[in-house]
Amino acid sequence: MKILIIDDDSSVRKFIATTLKKENYTVIEAENGQEGLQKIQEERDVAIIITDLIMPQKEGIETIMEVRKLNPSIKIMAISGGGKVGPESFLLLADAVGANATLKKPFSSQELLMSLRLME
Ligand SMILES: [Mg+2]
């Protein structure tokens, strides 16, 4: 199963990618929503997207809405540590625009895999 990770923080991408590769998922990465949307169109068989919300170029909420227009069946998990106001409001918004799951940063690899399995 192919999973796309979108996050502007390379250490977060690396942590998620390492966790998922150990579980035999195929992982591709993007630094922001714009790059993420490009990858979805290039790679046709992305089943799940894990996306950060606060990013330069194109942030996560807008990205989720555009993915939903392109492909309603892709599963989306929103992840956020929030900004000054904390992650809850961002994650609620992500849920409202079509995310299938939300996860508050920081999270452990176990928490990530559990949310992923609940979503599949
Ligand atoms: Mg970010």
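Scope of the values below: all heavy atoms of this structure, side chains included, with no hydrogens, waters or symmetry mates. We count ligands from 1, going down the list as the structure has it; atoms in each ligand are counted the same way.
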Check: Closest N/O/S atom of Asp52 to the Mg ion (ligand 1), by atom name?
Finding: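 Restricting Asp52 to its N, O and S atoms, the minimum distance to the Mg ion (ligand 1) goes to OD2.
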
Next item on the list: Would you mind naming the N, O or S atom of Asp8 nearest to the Mg ion (ligand 1)?
Entry: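 Closest N, O or S atom of Asp8 to the Mg ion (ligand 1): OD1.
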
Notebook entry, point to check: Does the shortest distance from the Mg ion (ligand 1) to an N/O/S atom of Asp9 fall below 2.8 Å?
Noted result: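 Of the N, O and S atoms in Asp9, none lies under 2.8 Å from the Mg ion (ligand 1), which means no.
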
Margin query: Report whether any nitrogen, oxygen or sulfur of Ile54 sits less than 2.8 Å from the Mg ion (ligand 1) (N, O or S, backbone or side chain).
Written below: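 Checking the Mg ion (ligand 1) against Ile54, an N, O or S atom does fall under 2.8 Å.
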
Margin query: Looking at Asp52 and Lys105, is there a salt bridge between them, counting it only when a charged N and a carboxylate O are closer than 4.0 Å?
Written below: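 Yes, Lys105 and Asp52 are salt-bridged.
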
Next item on the list: Return yes if some donor-acceptor pair links the side-chain N/O of Asn100 with the main-chain N/O of Ile76 below 3.5 Å, else return no.
Entry: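 Yes, because the side chain of Asn100 sits within donor-acceptor range (under 3.5 Å) of the backbone of Ile76.
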
Margin query: Does atom NZ (Lys104) have a neighbourhood of more than 12 heavy atoms from anything else shown, all under 6.0 Å?
Written below: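 Count not over threshold, so no.
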
Checklist line | Heavy atoms of other groups near Lys2 NZ, more than 12 under 6.0 Å | finding: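 Yes, the 6.0 Å shell around NZ holds more than 12 heavy atoms from other groups.
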
